[in-house]
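Side chains are part of it too, since the values below use all heavy atoms of this structure and drop only hydrogens, waters and symmetry mates.
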Amino acid sequence: MPNKVQHTNRLRVIRMDAIKVIEKDSDGKLFTAESFLNALRASNPFWWNEKETTSEWIYRGQWDSKWKLLPAAWREDNSKLKPLKEKISKLKSPESPSVPIPEKELDFYKSINTEYQALIDFCKLAEDLGFQVPLVSDGPLKNGFLINSDGPANMQQHTFLAQHHGIPTRFIDWTKKPLIATYFAVGREFRPAYDPESIAVCALNIERLKKVHGVKYNDSYLRPNVLKESNFKSEYIHSQQGLFTNINSDSNSKGLKEFFLAEHRFPSLEDVLNLITEEKKIDKPILYKFVLPLKEVSQLLLLLDRENISQAHLMPNLDKVSETVISRWKY
């Protein structure tokens, strides 16, 4: 079936059910840096209706528009977790299984235990150094065997804190500020060592996502959630207006496990939204993806800097001021 195109608030939209990609402006032309920024501005009527006093949208930038919305801990190619997973993989099967566990299921537990151990290691060292962090119990490495439960599912506050400080977790960072998300897509300090065809900024509608509650997957459910940090504050969280999404499932993460065993990977947010499209009638999109050609990135950085969106503004300390000044010389 060919994609349908509709015009909404001066933007051209390529219809993709719950997920919709926007590549062109109202004139049918590929976005330039200027038109891309104008489309994403929080004041754009596209993001509002007459009854709203606060926006229902949150945003995330991506250096490569082909990337999936998949948390760092669930990415197969995560280099930070690789050495830890090698240690976890040498552990015994979950304690005293009455029936031998199939290899695919073991792979699931190895991944979950790696994520669990990463949170434990972070919190234990932080506590030893005098930082106020949530208490943790002994992990799989100290116990000597894999744990056959989803430990990270019950460690939300630990995950908030670890996520802010670079530990790969099952949370995905978002912001209420679209131009901040745009900077995180293109800032030189966040880029991997390759050039994509295009960058992207994703926009997720919180209220529409909440109405879904959960989506059926085989005999279980997957539930996308939007989370706000409560007790633990990052020094940058206020300036970036950050919050998170994650994907939960039934008791003991049955839905995650069923998905992993069937697909040999963890679900991305797009996977869940596609399941929502199949199961429910979606009268409005839940996720937009705005796409900009790579050749526009230098101009986009210049425009963002003029809007006071830079590394120094988002992470205010003198080191970041120095790095921002050096970056400006390249515009």
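- Side chains of Asp271 and Lys68 form no contact here, defined as non-hydrogen atoms less than 4.5 Å apart.
- Using a 4.5 Å heavy-atom threshold, the side chains of Val136 and Leu119 count as separate.
- Hydrophobic clustering (ILVMFWY, side-chain heavy atoms < 4.5 Å, transitive): Ile22 and Leu30 are in distinct clusters.
- Of all heavy-atom pairs spanning Ile112 and Gly151, the tightest one is CG2-N, 4.4 Å.
- In this structure, Tyr221 is not a member of the same hydrophobic cluster as Phe259, with clusters built from ILVMFWY side-chain heavy atoms closer than 4.5 Å.
- Rounded to the nearest 0.5 Å, atoms CG (Leu146) and CG (Leu91) are 5.0 Å apart.
- Interatomic distance, NZ of Lys82 versus OG of Ser89, reported as 11.5 Å (0.5 Å rounding).
- If you take CD1 on Ile88 and OG1 on Thr114, they are separated by 5.0 Å, rounding to the nearest 0.5 Å.
- More than 12 heavy atoms of other residues, nucleotides or ligands sit less than 6.0 Å from atom NZ of Lys216.
- The aromatic rings of Trp47 and Tyr288 sit perpendicular, their planes meeting at an angle over 60°, well past the 30° parallel limit.
- Formation of a donor-acceptor pair under 3.5 Å by the Thr169 side chain with backbone atoms of Gln163 is not found in this model.
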Is there a ring-ring contact (aromatic ring centres under 6.0 Å, His included) between His158 and Tyr116 once you walk through the steps? CA-CA 10 Å; His158 309 74; Tyr116 185 33; 9.2 Å; no
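- Considering every non-hydrogen atom in both Pro178 and Lys176, the closest pair reads CD-O, 3.5 Å.
- At least one donor-acceptor pair under 3.5 Å links the side chain of Arg60 to the backbone N or O of Asp173.
- Closest of all the heavy-atom pairs between Leu209 and Pro224 is CD1-CG, 3.7 Å.
- Counting heavy atoms from C-beta on, the side chains of Ile180 and Glu307 never come closer than 4.5 Å.
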Before you tell me yes or no, could you show the steps for Glu103 and Lys110 under salt bridge (Lys or Arg N to Asp or Glu O under 4.0 Å), namely the whole-Å CA-CA distance, both residues' side-chain angles and the distance that decides it to 0.1 Å? CA-CA 10 Å; Glu103 190 62 35; Lys110 288 174 184 177; 3.7 Å; yes
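- Using a 4.5 Å heavy-atom threshold, the side chains of Val215 and Glu278 count as separate.
- A donor-acceptor contact shorter than 3.5 Å is absent between the side chain of Asp27 and the backbone of Lys29.
- Each of Trp174, Trp63, Tyr59, Phe190 was scored for a ring-ring contact (aromatic ring centres under 6.0 Å, His included) with Phe184, with one residue passing: Phe190.
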Working for salt bridge (Lys or Arg N to Asp or Glu O under 4.0 Å), residues Lys124 and Glu127: CA-CA 5 Å; Lys124 280 190 174 294; Glu127 183 183 21; 5.6 Å; no
Worked verdict on Thr277 versus Asp17 for side chain to side chain donor-acceptor pair (under 3.5 Å): CA-CA 6 Å; Thr277 298; Asp17 302 307; 5.0 Å; no
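- Between the side chain of Arg208 and the backbone N or O of Pro285, at least one donor-acceptor pair lies under 3.5 Å.
- Looking only at distances, no side-chain donor or acceptor of Asn143 sits under 3.5 Å from a matching main-chain atom of Phe145.
- Here the shortest heavy-atom pairing between Ala33 and Gln299 reads CB-CG, 3.7 Å.
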CA sep, side-chain torsions, deciding dist, call: Glu56, Lys284, salt bridge (Lys or Arg N to Asp or Glu O under 4.0 Å): CA-CA 13 Å; Glu56 297 178 347; Lys284 293 181 179 179; over 6 Å; no
Would Leu303 and Ile309 count as a side chain to side chain contact (heavy atoms under 4.5 Å, CB included) if you check the C-alpha gap in whole Å, the side-chain angles of each, and the deciding distance to 0.1 Å? CA-CA 9 Å; Leu303 295 175; Ile309 305 292; over 6 Å; no
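- The aromatic rings of Phe36 and Phe31 lie perpendicular to each other, with more than 60° between the two planes, well past the 30° mark.
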What do the steps show when you test Asp150 against Lys257 for side chain to side chain contact (heavy atoms under 4.5 Å, CB included), and what is the final call? CA-CA 10 Å; Asp150 188 0; Lys257 184 176 175 181; over 6 Å; no
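- Side chains of Asn44 and Asn38 form no contact here, defined as non-hydrogen atoms less than 4.5 Å apart.
- You'll find the side chain of Val186 reaches within 4.5 Å of the side chain of Leu304, heavy atoms only.
- In this structure a side-chain-to-backbone donor-acceptor pair under 3.5 Å is present from Lys289 to Ser65.
- Between Phe46 and Phe290, the ring planes are perpendicular. Angles over 60° get that label, and only those under 30° would be called parallel.
- Annotation: side chain of Leu301 is in contact with side chain of Arg188 (closest heavy-atom distance under 4.5 Å).
- Formation of a donor-acceptor pair under 3.5 Å by the Asn205 side chain with backbone atoms of Glu207 is found in this model.
- No donor-acceptor pair under 3.5 Å is formed between the side chain of Asn248 and the backbone N or O of Asn246.
- If you chain together hydrophobic residues whose side chains sit under 4.5 Å apart, Met155 and Leu135 never meet in one group.
- Side chain of Trp48 to main chain of Ala42: a donor-acceptor pair is present (N/O by atom type, distance under 3.5 Å, no hydrogens or angles).
- Within the 4.5 Å cutoff, no side-chain heavy atoms of Val272 are placed close to those of Val212.
- Counting heavy-atom neighbours within 6.0 Å of Glu34 CD, excluding the residue itself, gives a total above 12.
- Atom-to-atom distance recorded for Glu23:CD and Ser198:OG is 7.5 Å, nearest 0.5 angstrom.
- Looking at Phe266, Trp74, Tyr109, Tyr217 one by one, the single match for ring-ring contact (aromatic ring centres under 6.0 Å, His included) with Phe260 turns out to be Phe266.
- Nearest heavy-atom pair, Leu70 versus Pro267, reported as atom, atom and distance to 0.1 Å: CD1-O, 3.4 Å.
- Taking CD of Gln157 as the reference point, atom CZ of Phe160 lies at 5.5 Å (rounded to 0.5 Å).
- Of the inter-residue distances, the one linking Ser220 atom OG with Leu256 atom CG reads 8.5 Å to the nearest 0.5 angstrom.
- The two residues Glu270 and Leu69 come nearest to each other via the heavy atoms OE1-N, 2.8 Å.
- Remark: side-chain polar atoms of Gln117 are paired, donor with acceptor, to backbone N or O of Leu141 under 3.5 angstrom.
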